[in-house]
Amino acid sequence: MRYQFKFRPYQRRFLRSLTTNHGKWDIREGIILRLTDESDQLGWGEIAPISWFGSETLEQALDFCRQLPEEITDKIIFSIPDELPACQFGFESAQGWGSGEWGVGSGGDNFITPNSSLFYSALLPAGEAALNQWETLWQQGYRTFKWKIGVDAIADELEIFELLTRILPAFTKLRLDANGGLTYEEANFWLRACDNFKANPELPLEIEFIEQPLPVEQFQQMLELSTSYKTAIALDESVATLKQLAACYQQGWRGIFVIKPGIVGSPSRLRKFCHQHQIDTVFSSVFETAIARLAALQLAAELSRNNRAIGFGIDHFFEQEETWFQSL
Ligand code: MG
């Protein structure tokens with residue numbers, strides 16, 4: 001198949017800058033792709049890189065798009081190098097747009113409705129602000145929350161954590177995401193705090209897991225921690241791309257894998273890996289627009305196991321979804 005190819009960069013400003021252990025993030029930049037096939041069917045795709053998380057940079061993605069001819073083929077799409085994982089995702093999802101495999105347009109696009117916030121995890125603001133914001137999100141239907149740790153001093157965060165666990169209602173699940181920002185000692189502190197919490201039957205809240213407690217280089221320590229505590233550990237930064245994911249699996253990781261479809265790489269190869277190894281996955285957003293989100297959610301619906309909420313509860317971080325991409 002041959003496609004007419006067009007692309008356009010975009011920028012979206014966060015309502016409030018996003019704070020993680022990696023720093024502050026104010027503007028999401030990416031590229032919208034449009035493929036028109038030989039029968040005039042449109043396919044949309046999105047490249048939404050996060051270079052500090054392990055994908056290519058926006059500039060590298062733009063360079064790749066600029067050097068492509070106006071007409072491209074499946075062969076080009078399926079041979080994008082592994083160094084450009086966000087491009088692999090963007091082009092493959094544009095190529096598969098509307099096909100049976102993706103299910104778009106055949107009823108597949110409403111398999112997750114806005115009312116199913118039960119199945120989404122909502123990102124709480126870092127620090128004390130979490131104590132004020134959970135309630136609005138709860139009222140919107142969210143029951144799984146993620147809170148960033150490793151941002152402030154551990155003593156302060158443990159105190160806020162204590163408060164959070166006391167005010168969050170029963171049957172809430174809480175995920176703690178350190179973005180690799182803890183020391184080995186701090187990680188032990190947090191895991192112990194979570195295990196202690198689990199041991200208290202009067203607190204009906206569930207600590208679902210701690211996400212990426214240590215930096216990527218400290219895989220062996222995380223592997224060891226994952227067998228030393230009852231609280232589960234999820235790898236995120238460590239498994240940003242398919243190559244890393246396969247390497248962690250091969251080195252024995254049987255905990256949770258956070259998959260960000262937008263930057264992990266080729267959807268077809270991800271599908272193959274997940275089917276082959278039946279790994280425990282949590283799917284998560286890269287703050288993409290509706291285009292990449294649709295493709296990512298379809299992968300999540302297809303590949304999620306163990307009823308884990310997916311990390312796409314981020315609408316409250318952006319202004320209303322723009323519709324300008326229709327004019328591309
Ligand atoms: Mg994370």
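These numbers were taken from a predicted model, which means no experiment stands behind them. Every number for a ligand or one of its atoms is a count from 1 in the order of the listing.
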Using only heavy-atom distances, determine whether the side chains of Glu288 and Ser285 contain a donor-acceptor pair under 3.5 Å.
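Glu288 vs Ser285: donor-acceptor pair found between side chains.
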
So, Thr136 and Gln133: side-chain donor and acceptor under 3.5 Å apart, yes or no?
no

Indicate the atoms forming the closest heavy-atom contact of Ser238 with Gln212, along with that distance.
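Scanning both residues completely, I find the closest heavy atoms to be OG-NE2, 2.8 Å.
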
Testing the basics here: between Phe7 and Phe5, what is the closest heavy-atom pair and its distance to 0.1 Å?
CD2-CZ, 3.6 Å

For the Mg ion (ligand 1), how many protein N, O or S atoms come closer than 2.8 Å?
3

Enumerate the ring pair (Phe, Tyr, Trp, His ring centres under 6.0 Å) contacts for residues 170-225, please, sequence neighbours excluded, ordered by first and then second residue.
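Only Phe161-Trp190 qualify under ring pair (Phe, Tyr, Trp, His ring centres under 6.0 Å).
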
In this structure, are over 12 heavy atoms from other groups packed under 6.0 Å from Gln60 atom CD?
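Buried by this count: over 12 neighbours within 6.0 Å.
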
